[in-house]
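This report refers to the structure that appears directly beneath it.
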Amino acid sequence: MVFIVFAIWMLFFDAHSLLFHYELNSDMKELEYQKEHYKNEMAKDNKAIKELSTEEGIERAARENYYMKKPDEDIFIIEYEDSIAKEKQDE
């Protein structure tokens, strides 16, 4: 009887119980997932930094993101029919 009470105490109520270890393992899995996610984000950011460290990379980013141009250039924006929002015509 003492052994059964001791086993129940150790499995459920002790500071080192199985339930506590299960919660710690689930927290560890979540932290490992976050660690991998942030490693991937850091790799992506390092790649962007490396691309922007060159003169061509800065120029490409300025043209694509901010629509900047050189003084002697003209920019033409081409819109396709399927990308234009259709207006409703009142009859």
Side-chain angles (χ1 to χ4, degrees):
M1 184 63 130
V2 172
F3 179 71
I4 293 172
V5 171
F6 178 73
I8 290 173
W9 179 265
M10 292 303 288
L11 290 175
F12 298 106
F13 301 114
D14 192 44
H16 304 288
S17 67
L18 287 178
L19 297 175
F20 183 69
H21 282 286
Y22 178 75
E23 290 175 6
L24 288 178
N25 285 337
S26 63
D27 290 344
M28 279 181 32
K29 287 179 184 176
E30 178 65 27
L31 291 173
E32 289 291 330
Y33 172 76
Q34 288 178 359
K35 179 180 170 183
E36 288 299 317
H37 171 73
Y38 289 126
K39 278 186 179 180
N40 292 338
E41 289 294 318
M42 285 173 46
K44 191 168 40 170
D45 291 343
N46 286 335
K47 182 180 175 186
I49 289 170
K50 186 181 278 188
E51 288 177 1
L52 289 174
S53 65
T54 64
E55 199 64 36
E56 295 85 21
I58 292 172
E59 182 178 343
R60 186 174 51 82
R63 288 172 178 267
E64 290 176 1
N65 297 330
Y66 302 109
Y67 304 111
M68 294 183 167
K69 65 179 186 87
K70 292 182 180 178
D72 59 343
E73 289 182 329
D74 291 327
I75 295 178
F76 297 99
I77 298 175
I78 300 171
E79 294 182 353
Y80 296 102
E81 283 187 35
D82 58 349
S83 67
I84 300 173
K86 298 189 182 210
E87 297 177 10
K88 292 185 179 180
Q89 295 177 357
D90 295 329
E91 294 179 8

Next on the checklist: List the residues meeting salt bridge (charged side-chain N to carboxylate O under 4.0 Å, His left out) with E36, not counting sequence neighbours, and say none if there are none.
Outcome noted: none
Checklist entry - In Å and rounded to the nearest 0.5 Å, what is the CD to CE distance from E30 to M28? => result 12.5 Å
Please set out all donor-acceptor pairs under 3.5 angstrom arising from side-chain atoms of residues 41-48, sequence neighbours excluded.
unit_1, atom_1, unit_2, atom_2, d
N46, ND2, M42, O, 3.3

Distance-only donor-acceptor hits, side chain of residues 51-64, under 3.5 Å, sequence neighbours excluded:
unit_1, atom_1, unit_2, atom_2, d
E51, OE1, R60, NH2, 3.3
S53, OG, K50, O, 2.6
T54, OG1, E51, O, 3.2
T54, OG1, G57, N, 3.1
E59, OE2, R63, NE, 3.2
E59, OE2, R63, NH2, 3.2
R63, NH1, E73, OE1, 3.1
R63, NH2, E73, OE1, 3.1
R63, NH2, E73, OE2, 3.2

Next on the checklist: Quick check for you: to the nearest 0.5 Å, what is the distance between K39 atom NZ and K35 atom NZ?
Outcome noted: 4.5 Å
Next on the checklist: Check this for me: I4, atom CD1, are more than 12 non-hydrogen atoms of other residues, nucleotides or ligands nearer than 6.0 Å?
Outcome noted: no
